[in-house]
Participant: 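One structure follows; several queries about it will come next.
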Amino acid sequence: MSIMSIKSFAKFGALFLVGSLLIATIILNQYTRNAGKAIIQSSALRQHRRLLQLDPKTVQTKPMDESARFLVLSSRNGYSYYMGSSKPRPAYPTMLSSTSLNLIEIRDLTADYPALCLNTLVGGRVDHIFDVILIEYSHTLDASPAAIGALSARLRHRFPASLIVFVRIWYPIQITYKPKEWPLRRWMAENRISNLDGGAVEKKLLATGVTDWVFHEDPEVLAQLDQIVQSVNGHVWELPKPANVPEWLLEFGGLFTDDFLRLGPYGHEYVAQGIRSFVNEIPREQPILKQWLQPDQCASWYGGSINPGVPYKNMGVKKFDLAHNKWALECSNDKNDCKITVKSELNVMATVYLQYMAAGPRPVYQNYEVSIGNQPVALIQANLLNSPYAVHVQQMTAVGVIFPGDENTIFIRHKKGGKGKKHLRVTGVVISPVKIGHNYEESSESLMSRNSVSNLHEQ
């Protein structure tokens, strides 16, 4: 090899080495700049994996008996989880059994409707028998002890040997930053924190003291719920309660959606695994079935039933939520009474309830008066003006009583003075003898006593 060739080769090697070092430096700098971002993006996944290993039983117990039959009565968390689109993600009830044949879900924001309509919802078929019954209304956000007590008693009577588990989930929305009296969302906004998954929240939270935070709960309500659990020989599975709020948020904050009112994808998986493990450790008896203690008769348009067998006049069935397939019987006639005909097929006297959509705190709906037969008039104000957060939910109002075999007409008329613009959306009619205490302004007894005094409408 000539001297010229050797020099050229050496020059080329030196240039190649310099170029390689330059490329390596660029890649290293880019990695360094993105390192923090990568850590933040993966923090939720690391938190998820850590959460699923908090309880050793979650990963060490034997697999769940896939033949176990579940009945799940849940609030907002029973619905499939949506990530800003119409594409659903599995909710925890669907993760409890490998086959949908072993799962029946009943979903409502509170326990009131299931308590009144359990017979209609579950049915009277002998094959509707369950090994495990989950009740997820047993926390202070949606807790109505009277309704939960009635629901639990009806379930225990129908399924005397089934395992009943009360699911308690605590939510970030129950947390307040004490020095400023800010809800958690306000504290996050003031500190420019968008979610509880990122690395920025850890530094900010740990800079606060444990006494700076308050977790709101109602000890009296919880005591009543504990009594209900004991009365039906039930069990409680719960998410750990926030004793140390900063640490709890860092550990469990990633389980919830941004509104802090529902479980997110990791939350559903965590709850499902926790319940499966919990149930797997409790000895179960062979389930048996008894007759319903009290019948009920309920019809609903809400889930898409165009004709649930209830005649109506001057009204129309409309789909008011396109994304989630929600329907209602709309009373849009301001000149003539809207009418719904109900006939009791029960063998006992029962209360008639009208179920409808309500919203708040911004007023959405107009006011209406409702009555049945010649019984006193009830006022429907479907605006929840005192709600601390935006809601659009179903509510019920007792409108009168009905005797066995009777056929009566529910009259609905527009009443001036409402602040909203939308017409009344009736989602269902309930005929039930079940009493759930003070949840409703009128009971069967009070309506009967008032009706005995006067058969005239109160205008």
Side-chain angles (χ1 to χ4, degrees), residues 55-75 77-78 91-108 111 114-139 143 145 147-169 222-239 270-296 434 436:
D55 182 0
K57 295 179 182 179
T58 302
V59 292
Q60 294 179 7
T61 54
K62 59 185 177 181
M64 181 71 189
D65 178 10
E66 295 296 342
S67 65
R69 293 158 293 185
F70 284 87
L71 171 62
V72 183
L73 300 107
S74 64
S75 58
N77 287 314
Y92 80 83
T94 63
M95 303 178 187
L96 297 172
S97 176
S98 61
T99 170
S100 59
L101 297 177
N102 291 339
L103 170 69
I104 291 182
E105 298 177 66
I106 297 173
R107 303 182 294 260
D108 204 78
L116 293 170
C117 298
L118 189 63
N119 186 356
T120 300
L121 294 170
V122 176
R125 290 167 44 183
V126 295
D127 59 335
H128 281 181
I129 187 168
F130 307 97
D131 301 284
V132 183
I133 299 171
L134 302 180
I135 302 175
E136 194 224 304
Y137 302 106
S138 51
H139 51 74
I148 294 174
L151 173 64
S152 304
R154 297 189 76 187
L155 286 167
R156 179 50 78 207
H157 178 84
R158 175 69 169 173
F159 309 103
S162 298
L163 181 65
I164 297 181
V165 178
F166 294 80
V167 179
R168 293 180 180 174
I169 299 175
L222 290 176
Q224 294 179 55
L225 295 175
D226 287 339
Q227 291 178 355
I228 293 171
V229 174
Q230 295 177 10
S231 70
V232 296
N233 192 27
H235 301 263
V236 176
W237 180 91
E238 65 179 335
L239 199 67
Y270 176 75
V271 170
Q273 290 202 31
I275 291 175
R276 286 166 62 98
S277 173
F278 181 79
V279 168
N280 209 29
E281 297 299 316
I282 302 175
R284 298 198 303 273
E285 300 180 28
Q286 185 68 24
I288 56 178
L289 198 64
K290 292 180 65 176
Q291 292 292 327
W292 288 104
L293 184 62
Q294 294 173 302
D296 54 62
V434 177
I436 55 177

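Predicted, not measured: the structure shown is a model, and the values here were computed from it.
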Participant: What pair of heavy atoms forms the shortest contact from A161 to Q286, and how long is it?
Facilitator: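 Heavy-atom minimum between the residues: CB-O, 3.6 Å.
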Participant: Donor-acceptor check, side chain of S152 to backbone of G149, threshold 3.5 angstrom: yes or no?
Facilitator: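 Checked: no pair found.
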Participant: Distance from Q273 atom CD to L96 atom CG, nearest 0.5 Å?
Facilitator: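 Rounded to the nearest 0.5 Å, the CD-CG separation comes out at 11.0 Å.
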Participant: Would you say Y92 and V72 make side-chain contact, with heavy atoms under 4.5 Å?
Facilitator: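 Yes, their side chains come closer than 4.5 Å.
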Participant: Does the side chain of V229 reach to within under 4.5 Å of the side chain of H235, using non-hydrogen atoms?
Facilitator: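 No, every pair of side-chain atoms sits at 4.5 Å or beyond.
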Participant: How many angstroms lie between CD1 in I129 and CG in L71, if you round to the nearest 0.5 Å?
Facilitator: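 It comes to 12.0 Å.
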Participant: When rounded to the nearest 0.5 angstrom, what distance separates CH2 in W237 from CD1 in I275?
Facilitator: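 W237 CH2 to I275 CD1: 5.5 Å, rounded to 0.5 Å.
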Participant: Return yes if some donor-acceptor pair links the side-chain N/O of R69 with the main-chain N/O of D131 below 3.5 Å, else return no.
Facilitator: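 No, R69 side chain to D131 backbone: no donor-acceptor pair under 3.5 Å.
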Participant: From R158 CZ over to Q291 CD, what is the distance, rounded to the nearest 0.5 angstrom?
Facilitator: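 Reported value, rounded in 0.5 Å steps: 6.5 Å.
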Participant: Considering non-hydrogen atoms only, spot the tightest contact between P145 and L225 and give its length.
Facilitator: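 Looking at all heavy atoms of both residues, the shortest contact is CA-CD2, 4.3 Å.
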Participant: If the condition is salt bridge (charged side-chain N to carboxylate O under 4.0 Å, His left out), which residues does R156 pass it with, not counting sequence neighbours?
Facilitator: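 Applying salt bridge (charged side-chain N to carboxylate O under 4.0 Å, His left out) to R156 gives none.
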Participant: Any heavy-atom pair between the side chains of M95 and V271 that's under 4.5 Å?
Facilitator: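 Answer no - side chains too far apart.
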Participant: With sequence neighbours excluded, tell me which residues meet side chain to side chain donor-acceptor pair (under 3.5 Å) with N233.
Facilitator: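 Counting only residues at least two positions away or on another chain, N233 forms no side chain to side chain donor-acceptor pair (under 3.5 Å).
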Participant: May I ask you to test the F70-V165 pair for a side-chain heavy-atom distance under 4.5 Å?
Facilitator: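 No; the side chains remain at least 4.5 Å from each other.
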Participant: Would you name the heavy atoms of H128 and V122 that are closest together and state the gap between them?
Facilitator: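 Minimum heavy-atom contact is ND1-O, 2.7 Å.
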Participant: Given L73, which partner from the list V167, L134, L155 fulfils the side chain to side chain contact (heavy atoms under 4.5 Å, CB included) test?
Facilitator: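 Option passing the side chain to side chain contact (heavy atoms under 4.5 Å, CB included) with L73: L155.
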Participant: Within the 4.5 Å heavy-atom criterion, are R284 and V132 side-chain neighbours or not?
Facilitator: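 Yes; the side chains approach each other to less than 4.5 Å.
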Participant: Are F159 and I164 packed together at the side-chain level, in the sense that at least one heavy-atom pair is separated by less than 4.5 angstrom?
Facilitator: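 When only atoms from C-beta onward are counted, I164 and F159 do not touch, as no gap falls below 4.5 Å.
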Participant: So which heavy atom on R154 is nearest to which on L118, and how close?
Facilitator: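 Closest approach of R154 to L118: NH1-N, 3.4 Å.
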Participant: Can you name the closest pair of heavy atoms from P287 and S162 and give their distance?
Facilitator: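 The answer is CB-OG, 3.9 Å.
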Participant: Looking at CD of Q294 and CG of L116, how far apart are the two atoms once the value is rounded to the nearest 0.5 Å?
Facilitator: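 Output value for this atom pair is 10.0 Å.
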Participant: Could you measure the distance from the CG atom of L239 to the CD1 atom of I169? Nearest 0.5 Å is fine.
Facilitator: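 Answer rounded to 0.5 Å: 7.0 Å.
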Participant: Return the minimal non-hydrogen interatomic distance between A115 and V434, and the atom names on each side.
Facilitator: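 Minimum heavy-atom contact is O-CG1, 3.9 Å.
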